[in-house]
Amino acid sequence: MLYNKEVKNMKSSQELNIFLTNDYIYIPYEDKNKLNLRNNNMIYKNDEIGEYFGKKQYSPVSGKAYGLSSIYSFNGPKNVLIIENDFIDKTHSKIISNKDIYDLEESYIIEKTRYLVGETKYLVLEIIYDDKYDIKDEYLLKDNIKEILETLNIIDNTYNDITVSIRLDKRDIISYQTIFSYLGTYPNIEVEFKGITHENEKTITIYDVIDVYDLLKNRNKRDYIYVTIISNNTLNIIKTKRNSNLKDILEYLNLMSTKILINGELQIENGNFLLDETIRTVNIM
């Protein structure tokens, strides 16, 4: 595992590495009889494939249903539908996006955000910062800062009885600078630091906020995740397809190992591993 000084030195020259040409995508499911598939097995990008423990699963690509299998994940083995990517990203029907979320009716905003807000009085976007090896959030924040702040701002404007804030680690200078470059436009969004907690608070992730923004804009579901991959004192921040396979990333980076540490705690010996929102870091040892 890398230490703070080593990571800091790498961060200064490290750029976001984009790999979205995954050959196959792996959609988790609970009951194969409830999968939503066409007779010709054609799948379009943004298709609702089914549900996994109450959470709807969408395809991040278009292509063909390749088959059913099982793949190991951070939470144990999962049954998955394998989709063979056709690299067209064809959608079933044209989506007309909302131009400006500030022009939306309040009832529409509540409909799209209530699941996230719930009954909390404090909605807190928590920016994760681990000074040992995990710097994914600062890249994710930088790439989506305007969408994130707009979403938090419109939630704050819509719900008068809640406080919206962003929680940072004091050591996370890059995220601090990113936020404060824009925050003057959104004075109602509070910024606080790790260690502060509130009664009846709900913490959310950057992914949560981006997903709400996509709902408000009425555009395609988020099809990507960010992962930090560390090997031989080299740190890579990878933007890749949601529900993809780690082995594809390792092949892309020309990395091979029989000893892999996931999120600093789960050791695996095989790169055949599901990459979803739960995966933050992959340490090749």
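All residue numbers in this chain count up from 1 along the given sequence.
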* Intermediate values then yes/no, side-chain hydrogen bond (donor to acceptor under 3.5 Å, both in side chains), D89 and S62 -> CA-CA 5 Å; D89 280 349; S62 61; 4.8 Å; no
Supply the atom-to-atom distance [X] [atom1] to [Y] [atom2], rounded to the nearest 0.5 angstrom.
X	Y	atom1	atom2	result
Y213	L149	OH	CG	11.5 Å
I148	I127	CD1	CD1	6.5 Å
K239	I225	NZ	CD1	11.5 Å
I284	M256	CD1	CE	11.0 Å
L215	Y115	CG	OH	5.0 Å
D137	I174	CG	CD1	12.5 Å

* **R222: partners by salt bridge (Lys or Arg N to Asp or Glu O under 4.0 Å), with sequence neighbours left out** => D211, E277
Hey, is the main chain of [Y] close enough, under 3.5 Å, to the side chain of [X] for a donor-acceptor pair?
X	Y	result
S97	K99	no
N98	L216	yes
E201	H198	yes
T281	T228	no
S165	V191	no
K202	L116	yes
T91	K94	no
D86	I88	yes
D31	N33	yes
D100	Y102	yes

Residue pair [X] / [Y]: nearest heavy atoms and the distance that separates them:
X	Y	value
L246	G271	CB-O, 3.3 Å
K247	N272	CE-OD1, 4.1 Å
F193	Y176	CZ-CE1, 3.7 Å
I162	T120	CG2-O, 3.1 Å
I27	P60	CD1-CD, 4.0 Å
L255	S231	CD2-OG, 3.5 Å

salt_bridge([X], [Y]) N-O dist < 4.0 Å:
X	Y	value
D223	K241	yes
R167	E192	yes
E30	K55	no
D276	K78	yes
D47	R38	yes

* Asked: Is it true that the side chains of Y159 and T113 contain a donor and an acceptor less than 3.5 Å apart?
  -> yes
* **Polar contact flag, side-chain donor to acceptor under 3.5 angstrom, N85-N22** => no
* Asked: According to a 4.5 Å side-chain heavy-atom criterion applied to Ile, Leu, Val, Met, Phe, Trp and Tyr, with indirect links allowed, do I71 and F74 form part of one hydrophobic cluster?
  -> no
* In terms of hydrophobic clusters joined by side-chain contacts under 4.5 Å, are L253 and L250 together? -> yes
Quick check: are there more than 12 heavy atoms from other residues, nucleotides or ligands sitting under 6.0 Å from [atom1] of [X]?
X	atom1	value
K142	NZ	no
D161	CG	yes
N232	CG	no
Q267	CD	yes
K32	NZ	no
Y66	OH	no

* Asked: Do the rings of Y72 and F273 sit parallel, tilted or perpendicular, given the 30° and 60° boundaries?
  -> tilted
Residues in side chain to side chain contact (heavy atoms under 4.5 Å, CB included) contact with [X], at least two apart in sequence or another chain:
X	result
D169	Y129, R171, D172, K194
N46	I95, N220, K221
N160	none
E251	D248

* To do: Determine, stepwise, if the pair I155 / N157 fulfils side-chain contact (heavy atoms from CB on, under 4.5 Å).
  => CA-CA 5 Å; I155 289 175; N157 291 343; over 6 Å; no
* May I have the step-by-step check of side-chain contact (heavy atoms from CB on, under 4.5 Å) for I25 and S244, ending in yes or no? => CA-CA 5 Å; I25 297 297; S244 56; 4.2 Å; yes
* Structure fact -> Of I82, I83, L275, the one forming a side chain to side chain contact (heavy atoms under 4.5 Å, CB included) with Y26 is I82
* Near-ring test Y186/Y182, centroid separation under 6.0 angstrom -> no
* **Y252/F19 aromatic ring centres below 6.0 Å** => yes
* With sequence neighbours excluded, residues passing ring-ring contact (aromatic ring centres under 6.0 Å, His included) with Y29 -> none
